[in-house]
Amino acid sequence: MSIPGLGQIAPQPATSNKRIILLKPLWEYRFSVPRNSPGVGVRLLTGTADRDGTELALNRTYTFQRTRSKISTYQGCTLEISGGPVDDYVKDYADPSDSPACQFVNLHVAFQEQREAAAARQSGRTAAQGPRVMVCGPRGSGKTTLAKTLVALATRVGGQPLMANVDPNEGLLSLPGTVSAAVYGTMMDIEEPAGGFGIGSTPSSGPNAVPVKLPIVYYFGRERVEDDVPHWRDVVNKLASSARAKLKEDEAVRAAGMILDTPPVDLENEGIDILAHAANEFAGEYLPIQLIMLLRAIANCLTSANFILVLGSDQLVSELQKRFAGQKTSLGELIMVVPLDKSDGVVQRDEQFMRFTREATIKEYFFGDSKRTLSPSTQLVSFDDVAIFKAPEAESEAYEGQPILEPAEISAEMSHWTLAIMNASVNDPPETIRQAPVIGFIAIADVDEDRRRLKVLSPVSGRLGNKPLVWGRWPEPYINLLG
Amino acid sequence: MADNGADVADDYRQALEDLTMNSRIEIATLTNIARENANHGLAITEVLQNHIKKVPPPRTLPALYVLDSVVKNVPTPYALYFGPKLYSIFMNAYTKVDNSTRRKMEEMLRTWKEPVPGSISTKPVFPPQYVQPIENALIAARNAAYQANQSSFRRPPQVAPTRDTPTPPTARPASHQAGPHGQQPFAGPPNGHAQQQMDPAVTQQQQQPYPMRPHTDPIMIPPRVAPQPYSGVTDMPHYQLPVSRENYGAPQPGISIDRLKDDIQQLIIAERTEFARNPLDASRQTRLKALLDLQTIIQRQDMPQDQLMLVKDRVTELAVNMRAPGAVAVTAAPLMSSTYTLPIPPVVSQQPTPVPPVAIARPPSVTTGAAAAPPPAAGAGAGAGAGAGGFSIDALFGQGALAALLSAAPKPATPQQVPSASATPQLMSQPLPQALPASLGAALAAMRSPPPQRLATPPVPAPAPVPAPAPTPAAVPTAALASNPSALLAMLRQSGLIQPTTSAAATPPTTHTSLPVGGAWGAPHYQPPLETPLSYQFRAAHLKQFRPQAMVRLEDDLGLPCTHCGRRFKTNEDGRRKKTAHMDWHFRVHQRIAEYEKRGQHRSFFVDELDWINSLEAIDVDYVAPPAGGNNASNNDSGDSPRGGHSSAQSGGKRGGQQNQQQQLQYIAVPEDSSRVNTVCPICQERFEMKWLDEAQEWVWMDAVKIGERVFHASCHREATKDRDREDTQAATAAAAAAAAAAAQAQLYQRGAPEGVLGKRKAEASDLKSVRPDRC
């Protein structure tokens, strides 16, 4: 106080935008942070609260940016909201059982019982599998949120479930246009826009305040499954085999089971078939996902998923039930189709928002976020030093034996695209390359056709060496990352 | 986290201040906090004590529930801390709260004499020496209340409104139920009691929809009504107080006063009616006069509890007498003669309906069935009075007056009677009941009562004043009955006046009631959530059901959260160990984040399938990314993350804590203050080679390793220590090899250390200088 000037600093008037809100049990604080907002801070003052199943620590300010999400509470809480601007409101439920959280928790409890039973039965070679759960529903029905919540709750009680995503529209721990899976044994990043499913949770060279998750990623390079169903099947098969291997190898994961997020299914389309396929592939012997049964019936394949959760679509439920009623997984479990109510809080994310999100995700992949600044390396590479492949143009005649990948001609067109680095050799056959796991992405910053040089942005310095790059058709380039 | 007691206490005080309603969740939270901070138990005890003392009456009960919960869930040390203070805390609170709260407090008190529900320990929550004084005080208070009650008898009309019981005054005279009516509520509660007791799980479920007010138990009402239609109706008002469904009656001073007044009033009304019918009946006249006198006395005088008690007993007897005839009329089963038989059967019959355990304790109170008890009770009352204060009714009111009152039993048919009637049918179905002698009935009851302690208890805790002379078999039931005034009345009514038995009427009530209470409050609130097995179905109705206990499992049951990230750790040994590791991890990561911020980081490459499959989720272990593709394996040690399942990760884990040390690539960042570090390898006496390492984005010493305070050439050190530290070295070597294989660039910097040659090579082949004889 005696230091001159120190005592005269007026208290910050900025605190005026702090608000305290009270949530009763199972109420939700729903918010949408506009993209240009510096972020909204949420601090839990009393009680307990969580975002999609991951608990908030008391008295810590969490800053949310460019996200639409919710904070829910099981026991009631008070939150302090600061910053903004933010569109938000409190969703109250007169009857607690109206809250979607009830469904989620009850589901979790049911699955948890199975996990415990599986863990108890696990001895030696006889593999008891935890529940394998497939989450289905139309677009914007809250599939990912449900999956995330189930994963988070399982993690909370010490489980290590395997989370897999086969919806290329949103990447799980990856960029959009990929399918991926990862084991979640640790807390999710609450502040991350995708709430723990985003690229920000993947490992970097430095430490991360929130435990990172290690994904296995396969590249699809399309926005929707329908754009290239055979390719999607291929990568899903690969992902499924990796997942099965994981479940086989890792006892903790096997007992915890798997949760599978699926592409949106619009019944007018061929969605059911897609779904059926997903169920089949993941229904392998070691896949505890109970969703498998559903897929099995449809695709006439073996399915391992034993639970199929269907959000908010009666039609889908009846379709699935028709196909899976009485079916059993390859493990002999009855496949169960569980209809669930869609949360009224699900917001339809418009294309603009999705686009912005994708853009931000790519940026974050290379440059990190506000908490962790990353320094990608910029390299100049000769055309001759890189091997870039792409799928043949759709308009070109399809013919028998047509290679599924062909070397791409490097041109200015390629600028600002994000290419996947495949963990394969340039000399591998196209199928191998296409189905190889992704080890990273590079962004083409500039193409100098005259000097035959590419300027690429790579997360890791060093030459790309022998790794083939695959140029997909999505997500499209939006920005110059170096601009 | 607050580390010292003052902080803890302060936090706890604030938390308590936020507790405004009876919320199971909040109470559970507070309990958990207390549990977590058991080492500051004394501070918390004081805070809680002060809180209970200061808090406004409406919020006293939740605070007491916190105490109850803490003591039951964390008996050590809180039961020890609270024990000596229990009396002052309890009585202090008791005096300031309203009657309904008192009832709940009494329920709570009863549970304190029992073992914690669900616990294996058979020790009561509090040892008797702490609970007993409170009970005694309450009994005394109740007696006083009864007397006070009688004194207010004067104005019958006004009495009704002031009464705690909601019975509409008007209804009584009209229906002739007046006398009994007031007592009806008593009969009701027991039933509710039983209901509740019967199955904690059920109760629990029923309560689920009302998580915030666990005490509310709307469901209780219907069951109660079923067995006793009449009482159900009359009782309704009582039950507004959710918690109070139990037997509240006896111990409560306020209530008992009211009740006493009420009783007397009823008697007078009944008597007047009789008198009107038979104006010439002298005995009636006498009785009426006696009653009026009694009323006057009670209203005027501030009678000591003992006396009040006496009066109450007398009145009860009177009521019984008066009703007996009525009972005959109403019920199929009559009479003075068969007094004993009648009462007991109900007890028996009652049992089947409600839950067995409770039923037993309750039956008397529930139905009029308790007839067996009346005589003893009455006698007890008198005896007690005499023993305690040397008073007797006669002394108080004049010999003969009351006797007159008691002598004849007019006709009033009271509602009480009706219940008994309803009970009777049940009776009929039962083979035994009718013929049962009182003693047999008592024995039966005893046998049926599951918890032996309950039955046993009543006799034991006889209130101070009452010396228990010769308890007849009937005494047991009596004791049970005694708890409930209505039960008493019913018994008295049916049996008529009987030979004075012992057993303090006052005591038994408390004991008995304790059972139900335990179930009511303690059990549903705390234990059930933990114990009830949840079997879930995937049906929509099941999924949508609100199950607070499932949520508790996800939060409170998992222990306290980490203050940094909210992850919860159990409070057991394993949990503490994990928490320690977790906090260490936070600390290291925090340190390293600061460190790495200066350096620049980059996204790692994803891993190959095999690595992914083989990687294990390593929780709270330092992470070293497995080398993959062009990944710079050396530089990855982001924390708490999946860890490569191979040796590199392990060695990284072992040594990860050392600053700037990168085992895999065998280089260290050039020390910032090179004057403090040796610039020459102590083994080979060569200077370290400084080089810009692209991947690390900084200047490094290649092939260097820092051991303690000194820096060595990694290859020299490896060579020198390979014998004594083979394992470790191998790990490092393997790690180095793995890294080298994975990253082409890394290989450039990797110094092979061929063994078994004359010299060793520390650097790249081009570095000729480095080839030298081994000096070590």
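Note on naming: letters A, B, ... go to the chains in the order of the sequence lines (proteins, then strands), and numbering restarts at 1 for each one.
With a 4.5 angstrom heavy-atom cutoff, A:D341 touches chain B only via side-chain atoms. The contact between A:E55 and chain B is made by backbone and side chain atoms together, counting heavy-atom distances below 4.5 Å. With a 4.5 Å cut-off on non-hydrogen atoms, A:L173 touches chain B through its backbone but not through its side chain. Interface remark: A:Q103 contributes backbone and side-chain atoms alike to the contact with chain B (heavy atom separation under 4.5 Å). Proximity to chain B (any heavy atom under 4.5 Å) is shown, for A:F104, by neither the backbone nor the side chain. Both the backbone and the side chain of A:E364 come within contact range of chain B, with heavy atoms under 4.5 Å apart. Of the atoms belonging to A:T373, it is backbone heavy atoms, and not side-chain ones, that fall under 4.5 Å from chain B. Residue A:A181 touches chain B through both its backbone and its side chain, counting heavy-atom pairs closer than 4.5 Å.
When each of A:V217, A:L44, A:L58, A:I190 is scored by its heavy-atom pairs under 4.5 Å with chain B, the top score falls to A:V217. In terms of non-hydrogen atom pairs under 4.5 Å with chain B, the most contact-rich of A:F367, A:F366, A:Y365 is A:Y365.
Remark: the B:H564 side chain and the A:R60 side chain contain no N/O donor-acceptor pair separated by less than 3.5 Å. For the 3.5 Å distance criterion, the side chains of A:S242 and A:Y218 qualify, holding a donor opposite an acceptor.
Of the charged side-chain nitrogens involved, at least one lies within less than 4.0 Å of a carboxylate oxygen, so that B:D574 and B:K578 count as a salt-bridged pair. A:R254 and A:E251 are joined by a salt bridge, as a carboxylate oxygen and a charged side-chain nitrogen come within less than 4.0 angstrom of each other.
In terms of heavy-atom proximity, B:L558 sits nearest to B:R568 at O-CB, 3.5 Å. The heavy-atom pair separating A:T54 from A:A152 by the smallest distance is OG1-CB, 3.4 Å.
For A:Y93, the side chain to side chain donor-acceptor pair (under 3.5 Å) partners at least two apart in sequence or on another chain are A:R30, A:D344.
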